[in-house]
Amino acid sequence: MKRIILLSISFLLILGCKELELQEFDLKNAYVSFALPDRAYRPKEPYLDSTTYSFAVDTVIGIKSKTLAIPIKIGGLVSDKDRKYSVEIDPTSDYNPELVSLSEPIIRANKYEDTLYVSLKRGPELLSKEMSLVLRLNANENFNVGHLHNSLLTIKFNDILLAPTWWNEWELYFGPYFKEVYQQWMVIYYLGSDMSSDIYTGAPGPIYFWKNMPDYPEPEWFPITFMHISLLKKYFEDHVVYPNGDNTQERILLP
């Protein structure tokens with residue numbers, strides 16, 4: 001009886017495996033996929049199906065546009081001629097078309113990988129709304145669509161940077177919240193710029209940086225932090241920066 005049951009289970013497993021078999025790629029054809037690397041530890045997939053960009057956290061203050069480089073990979077044989085592939089902006093996208101443009105979708109001769117450039121403009125509506133751009137690869141005369149997971153790529157973009165929870169505690173030194181100040185603070189007070197040990201536990205640094213500020217604004221306790229604040233203050237004295245780039249407002253200066 002046990003033998004009959006085992007044989008039945010084995011038969012069902014074989015049938016199930018056949019039903020789940022994936023169709024193999026024909027090496028005579030060429031396939032195209034988005035190939036934006038997922039750099040997470042042990043990612044489920046090697047390539048991302050979504051990414052986010054914020055003008056508010058770009059290290060270039062006052063930037064008006066940004067070009068994102070999206071890797072495109074092919075499977076199959078290369079060609080000694082340039083080949084166009086098909087990419088479209090999916091109707092599920094939520095964006096202002098005036099803010100977005102795409103480069104020519106092309107795989108150059110003798111290449112297994114090329115780049116699609118997505119240009120984004122810094123529109124004022126991004127200050128209050130995150131937009132989404134969904135790119136879809138389609139088959140054409142040169143390429144079939146490759147891995148389904150990487151046939152769609154969602155790009156979310158905005159210009160939103162909210163005040164961190166520590167800002168109120170430090171407002172005496174940073175002044176009222178402006179995202180331009182926070183953005184420059186990220187540049188100046190990065191992880192590794194302050195090697196001070198933890199004042200409570202004595203654990204070696206780096207511990208303090210823009211995302212993990214000391215609990216209290218005490219110059220005698222955190223002299224390295226305050227040295228960087230002086231650099232931040234000098235930056236806005238030497239560079240004329242307006243809130244949201246609006247020169248009808250007063251320029252930003254620290255207290």
Side-chain angles (χ1 to χ4, degrees), residues 16-17 19-60 63 65-97 99-122 126 129-161 186 190-191 211:
C17 289
E19 289 179 2
L20 293 174
E21 277 181 354
L22 298 177
Q23 182 178 357
E24 293 185 0
F25 289 144
D26 185 345
L27 294 180
K28 295 179 182 179
N29 296 324
Y31 302 83
V32 64
S33 301
F34 292 114
L36 193 63
D38 188 342
R39 304 193 186 282
Y41 179 66
R42 293 184 178 178
K44 293 182 179 179
E45 298 284 348
Y47 304 121
L48 294 169
D49 61 1
S50 65
T51 187
T52 300
Y53 168 76
S54 176
F55 283 101
V57 297
D58 199 293
T59 56
V60 181
I63 187 172
S65 63
K66 180 72 173 183
T67 299
L68 306 180
I70 309 298
I72 305 293
K73 281 193 174 182
I74 68 165
L77 301 177
V78 297
S79 172
D80 58 358
K81 298 179 180 179
D82 292 351
R83 291 178 292 178
K84 288 187 176 182
Y85 59 92
S86 175
V87 60
E88 68 171 348
I89 297 176
D90 193 83
T92 59
S93 300
D94 180 14
Y95 75 110
N96 180 351
L99 302 182
V100 175
S101 62
L102 307 180
S103 65
E104 184 180 16
I106 193 166
I107 304 293
R108 286 169 292 175
N110 302 310
K111 283 186 171 290
Y112 283 101
E113 182 174 331
D114 219 309
T115 306
L116 177 69
Y117 294 100
V118 180
S119 297
L120 307 175
K121 292 182 180 179
R122 193 174 194 171
L126 294 174
K129 177 182 178 179
E130 181 173 72
M131 297 187 181
S132 63
L133 181 71
V134 182
L135 303 178
R136 177 186 294 276
L137 293 170
N138 295 314
N140 66 359
E141 66 275 12
N142 295 317
F143 296 98
N144 291 323
V145 176
H147 196 311
L148 292 180
H149 176 79
N150 299 118
S151 63
L152 285 174
L153 179 68
T154 300
I155 301 173
K156 296 182 179 180
F157 58 104
N158 62 62
D159 194 6
I160 301 170
L161 183 62
M186 293 178 181
Y190 56 89
L191 181 62
K211 196 174 183 180

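Bear in mind the structure is a predicted one, so any value in this text is a computation, not a measurement.
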For the pair D94 and K129, find out whether any cationic side-chain nitrogen is under 4.0 Å from an anionic carboxylate oxygen. yes

Atom pair CD1/OG1 of I107 and T115 - distance to nearest 0.5 Å: 8.5 Å

Only one of L68, V118, V100, T51 passes side chain to side chain contact (heavy atoms under 4.5 Å, CB included) with F157; say which it is. V100

With distance as the sole test, does D82 use its side chain to make a donor-acceptor pair with the main-chain N or O of A109 at under 3.5 Å? yes

Side chains of P71 and L36: does their closest heavy-atom pair fall under 4.5 Å? yes

Between CG of L133 and OG1 of T154, what distance do you get to the nearest 0.5 Å? 8.5 Å

Considering all heavy atoms of both residues, which atom of M131 and which atom of N96 are nearest to each other, and what is their separation? SD-N, 3.4 Å

Minimal heavy-atom distance between S86 and A139, with the atoms involved, is CB-O, 4.4 Å

Is there a side-chain contact between I72 and V87 (heavy atoms, below 4.5 Å)? no

Of T52, L161, N158, D159, which meets side chain to side chain contact (heavy atoms under 4.5 Å, CB included) against V57? L161

Validation row: H147, Y47 side chains within 4.5 angstrom (heavy atoms): no

Side chain to side chain contact (heavy atoms under 4.5 Å, CB included) evaluation trace for Y95 with I89: CA-CA 10 Å; Y95 75 110; I89 297 176; 3.4 Å; yes

Contact between Y53 and I155 at the side-chain level, heavy atoms closer than 4.5 Å - yes or no? no

Report the distance from atom CD of E113 to atom CZ of R108, rounding to the nearest 0.5 Å. 10.5 Å

Can you tell me how far apart OG1 (T67) and CG (L102) are? Round to the nearest 0.5 Å. 11.0 Å

Does some side-chain heavy atom of I63 sit less than 4.5 Å from a side-chain heavy atom of F55? yes

Might you point out which heavy atoms bring R83 and I74 nearest each other, and give the distance in Å? NH2-CD1, 3.4 Å

Of all heavy-atom pairs between D49 and H149, which one has the smallest distance, and what is that distance? OD2-CE1, 3.4 Å

Return the minimal non-hydrogen interatomic distance between L137 and V32, and the atom names on each side. CD1-O, 3.7 Å

Tightest non-hydrogen contact, residues L126 and I160, listed as O-CG1, 3.4 Å

Could you check whether any side-chain N or O of S93 sits under 3.5 Å from a backbone N or O of V134, counting only pairs where one atom can act as donor and the other as acceptor? yes

Over 12 non-hydrogen atoms of neighbours within 6.0 angstrom of OH in Y190: no

